[in-house]
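Reviewing the structure listed below.
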Protein chains: 2
Amino acid sequence: MGMAEETRWLSGAEQDVWRTFITMTSALTDSLDRQLQRDAKMPYTYYEILVVLSEAPRRELRMSELAGLRGSSRSRLSHAVSRLEEAGWVERRECPTDKRGQLAALTDAGFAALAAAAPGHVTAVRESLFDRLTAEQVRVLGEISAAVLGGLDPDMLLPGNHPRDCGGGHVADSPHTAEVGQPEVGADT
Amino acid sequence: MGMAEETRWLSGAEQDVWRTFITMTSALTDSLDRQLQRDAKMPYTYYEILVVLSEAPRRELRMSELAGLRGSSRSRLSHAVSRLEEAGWVERRECPTDKRGQLAALTDAGFAALAAAAPGHVTAVRESLFDRLTAEQVRVLGEISAAVLGGLDPDMLLPGNHPRDCGGGHVADSPHTAEVGQPEVGADT
DNA sequence: CGCATGCGGTTGAGAGTTCAACCAGAGGGG
DNA sequence: CCCCTCTGGTTGAACTCTCAACCGCATGCG
């Protein structure tokens, strides 16, 4: 941890970009979260869980896989699934091959709630993001996102899922950034 | 509210960009938040409050201005300032011109805490964002951020700061996206 | 087999945010 | 002047997330 280096401060232009960027992202996520909370009675993070479940083989997934796929901690997912279970949208099942394991499964009511929420959410995403950008900007945004995401130190993410050691880990190079966006719901186009 | 329209779903390419983008932003903010929490014992939102205060005229600001400048609700700011006050980093003062008003003022200890936190934070931002992008990508990211930020429906942001009515409002077209980034702390370069 | 260790998942407490009241002071008529 | 309304700000409850501890099953090794 050699902190002896001189800090490389941001230039004025970089400060502008950073400020605008961080303000935009927090305003955007707040806006989407509010839309979902208002129209579908669920926070955005829960919506994402339902989406991932809806695309899984039997609409069920191991807790850990679900957590990894969504970049959230096991603890967070456990709390979230408890809430979703109370709402009747998800149910827990025992894992047949590993008695420690639990499966989170989307119920019919959960699927219906997702189907009801999806149009409003997708419309909000389109109107606030894609409708405001040129095709070229969208392309570059994809590049930028992938570059930044690929460079983040995995140790800085999800601390607490590795009680100790954690040596020689491979990083499970995210095969999950594709094919996720609409739920399996009326997905023509 | 004519919801009679057909939903315009996202194309496959758009889904990819959206998924990557939203995953990147949440991973990035989580990472920065963790860095600050670990090294400076404060969440990122509190750091931002200290930064804005450090740049204000006498290092003090009306609660409402601070909230508006930071895009947060009055309630959130009130709770946050209470915490910052307990930490000894901010103090509340009475407003001389309006007996309802309160000023939040940065203390010397708060300034010192900010000065101590800034290098680590700026380094994290540089390493996770700017070092990963070309100059051209940074430029486009600025464009994109401004375009999206400018288009967000102001009614979707900060609900609860307008008890009712809210008619004919002007939107206070953000003059605050400039000159904010480093605190007024060793800001050579 | 018996035991140490690692893995999957849960729990409870603490912290930050949101939402809906709520209060006091400011402003604007009648 | 009084009342009505709006504004600035606070409060408390409900909710989500984090962190650290914890439990039970799985696995490997002597």
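Just so we're on the same page: letters track the sequence lines, and every chain starts at 1.
Contact annotation for B/Y44: no contact, since no heavy-atom pair falls under 4.0 Å across all strands. Counting non-hydrogen atoms under 4.0 angstrom, A/S82 reaches nothing in the nucleic acid. Using a 4.0 Å heavy-atom cutoff across all strands shown, A/S78 reaches at least one base atom of the nucleic acid.
The cationic group of B/R59 lies under 6.0 Å from the six-membered ring centre of B/F111 and within 45° of the ring axis, placing it in a cation-pi geometry.
In terms of polar N and O atoms assigned as donor or acceptor, the side chain of B/H79 never comes within less than 3.5 Å of the base of D/dG9 in a complementary pairing. A donor-acceptor contact under 3.5 Å is formed by the side chain of B/R100 with the base of D/dT7.
Rounded to an integer number of Å, the gap from A/L77 CG to D/dT16 P is 13 Å. Rounding to whole angstrom units, CE of residue B/M63 and P of C/dG25 are separated by 17 Å. A/K41 has its NZ atom 14 Å from the P atom of D/dT16, to the nearest Å. Following rounding to the nearest Å, A/E94 (CD) and C/dT10 (P) show an atom-to-atom distance of 11 Å. One can place CD of A/E86 at 9 Å from P of D/dT16, the figure rounded to the nearest angstrom. Atom CG in B/D30 sits about 19 Å away from atom P in C/dA15, given to the nearest Å. In this structure, the CG atom of B/D33 is 13 Å from the C1' atom of D/dC19, given to the nearest Å. In this structure, B/L84 atom CG and C/dA15 atom P are separated by 14 Å, rounded to whole Å.
Tested against A/R70, the residues A/E55, A/E48, A/E65 include a single salt bridge (charged side-chain N to carboxylate O under 4.0 Å, His left out) partner, A/E48. Checked options A/L28, A/L149, A/V148, A/T25; the residue passing with B/T25 is A/T25 (criterion: side chain to side chain contact (heavy atoms under 4.5 Å, CB included)).
Close to D/dG9, at under 4.0 Å from its OP1 or OP2, lies a side-chain N or O of B/R62. The phosphate of C/dT10 has neither OP1 nor OP2 within less than 4.0 Å of any side-chain N or O from A/R74. Dashed line: the shortest gap from a side-chain N or O of B/R76 to OP1 or OP2 of C/dG16 is not under 4.0 Å. Side-chain nitrogen and oxygen atoms of A/R92 include none within less than 4.0 Å of the OP1 or OP2 phosphate oxygen of C/dG9.
By the neighbour-count criterion of 12 heavy atoms within 6.0 Å, atom CD of A/E86 is densely surrounded, having more than that number from other residues, nucleotides or ligands.
Comparing A/Q37 and A/K99 against DNA chain D, the residue whose closest nucleotide sits nearer the 5' end is A/Q37. Across the interface with DNA chain D, nearest-nucleotide mapping of A/A80 and B/D98 shows B/D98 to be the residue nearer the 5′ end.
Taking the side chain of A/S73 as heavy atoms from C-beta on, and the options D/dT18, D/dC17, D/dG9, the nearest nucleotide is D/dT18. For B/Q102, counting side-chain heavy atoms from C-beta on, the closest listed nucleotide (C/dG8, D/dT10, D/dG8) is D/dT10. Side-chain proximity of B/S75 to C/dG25, D/dT16, C/dA20: nearest is C/dA20. Counting only heavy atoms from C-beta on, B/R34 has its side chain closest to D/dT18 among C/dT17, C/dG8, D/dT18.
Ion pairing of A/E91 with A/R93 is present here, as a side-chain N (NZ or NE/NH1/NH2) and a carboxylate O approach within less than 4.0 Å.
Expressed to the nearest 0.5 Å, how far CD of B/E14 lies from CZ of A/F130 amounts to 5.0 Å.
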